[in-house]
Amino acid sequence: MIQVCFVCLGNICRSPLAEGVFKSLVAKEGLEDRISTASAGVGSWHIGEPPDARMMKTAHKNGIVLNSRARQFQKNDFRNTDLILAMDESNLQALEQMSPSLDARQKLFLFRSFDQEHQGDLNVPDPYYGGEGGFDHVFEIVDRTCPRILKFIKDRSEL
Ligand code: 4NP
């Protein structure tokens with residue numbers, strides 16, 4: 001089983017959306033028994049909470065149901081996870097600081113490094129303190145990037 005984990009700051013907006021969109025793609029391709037998908041936050045403020053209502057609304061109108069509960073990424077998670085996708089550069093930095101080994105660091109990637117339209121901006125913008133439009137923008141980025149990540153995994157693992 002290949003374990004994928006999306007990581008943002010609070011685990012209530014960006015990474016739950018990425019988890020939901022990616023899970024839906026994996027299901028569409030019938031790969032649920034090969035790829036397991038999770039998400040986590042580097043922060044602890046929202047542990048146990050469902051995704052932000054605004055993120056759930058945006059997901060829902062695009063046919064994606066979010067059902068995660070926020071959790072904080074733990075050092076131990078490096079051991080069980082094959083691919084860790086940081087939603088922005090500060091999340092990546094926090095994960096790098098937590099990583100116990102070179103082997104662990106090699107599991108880390110920036111989510112938008114797979115976005116063919118990143119135009120030099122490798123951060124999925126944090127929508128938490130902004131308006132509704134920010135959530136739609138996050139959806140667009142996540143929706144076009146998840147298929148590239150799945151392709152990367154399939155190519156690498158010969159799925
Ligand atoms: P996320 O958004 O990292 O995409 O889940 C945030 C949610 C909450 C906070 C920051 C970002 N916060 O500071 O509480």
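Read the numbers this way: they start at 1 and go in the same order the structure lists the ligands and their atoms.
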[X] N/O under 3.5 Å from ligand 1 N/O:
X      : value
Pro127 : no
Trp45  : no
Cys8   : no

Taking the basic N atoms (NZ, or NE/NH1/NH2) and the acidic carboxylate oxygens, is any pair closer than 4.0 Å for [X] and [Y]?
X      : Y      : value
Lys61  : Asp136 : yes
Arg148 : Asp115 : no
Asp82  : Arg156 : no

(message) On a heavy-atom basis, I'd like to know which of Glu49, His46, Met55 is closest to atom 14 (O) of ligand 1.
(response)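 Nearest option to atom 14 (O) of ligand 1, by heavy atoms: His46.
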
How far is [atom] from the closest protein heavy atom, and which atom is that?
atom                    : result
atom 2 (O) of ligand 1  : Asp126 OD1, 3.3 Å
atom 13 (O) of ligand 1 : Tyr129 OH, 3.5 Å
atom 9 (C) of ligand 1  : Tyr128 CD2, 3.6 Å

(message) On a heavy-atom basis, which atom in Val142 and which in Ala18 lie closest, and how many Å separate them?
(response)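 Closest approach of Val142 to Ala18: CG1-CA, 3.7 Å.
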
(message) To check you understand the geometry: which heavy-atom pair defines the closest contact between Leu66 and Ala59, and what is its length?
(response)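 For Leu66 and Ala59, the tightest heavy-atom pair comes out as CG-CB, 3.7 Å.
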
(request) Run the contact test for Met87 against ligand 1 with a 4.0 Å cut-off on heavy atoms, strictly below, and give the result. (result)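 No; Met87 lies far enough from ligand 1 that no heavy-atom distance drops under 4.0 Å.
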
(request) Check the angle between the aromatic planes of Phe109 and Phe114 and answer parallel, tilted or perpendicular using the 30° and 60° thresholds. (result)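 Phe109 vs Phe114 ring planes: tilted.
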
Going by the atom numbers of ligand 1, which of them fall below 4.0 Å from some non-hydrogen atom of [X]?
X     : answer
Cys13 : 1 (P), 2 (O), 4 (O), 5 (O)
Ile12 : 5 (O), 7 (C), 8 (C)
Gly10 : 1 (P), 3 (O), 5 (O)

(request) Specify side chain, backbone, both or neither for Asn11, according to which of its non-hydrogen atoms lie closer than 4.0 Å to ligand 1. (result)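 The answer is the backbone of Asn11.
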
(message) Test of understanding: given a 4.0 Å heavy-atom threshold, classify the contact between Phe6 and ligand 1 as side chain, backbone, both, or neither.
(response)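 Phe6 to ligand 1: no contact under 4.0 Å from either part.
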
(message) Under a 3.5 Å threshold, yes or no: a donor from one side chain and an acceptor from the other, between Ser101 and Asp103?
(response)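 The answer is no; no qualifying pair exists.
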
(message) What I want to check is whether the side chains of Gln3 and Thr81 have a donor and an acceptor closer together than 3.5 Å.
(response)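 There is no such pair (donor and acceptor under 3.5 Å, judged by atom type) between the side chains of Gln3 and Thr81.
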
(message) Ring of Tyr128, cation from Arg54 - is the NZ or CZ under 6.0 Å from the centre and inside 45° of the axis?
(response)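 Because its charged atom sits under 6.0 Å from the ring centre and within 45° of the axis, Arg54 does stack over Tyr128.
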
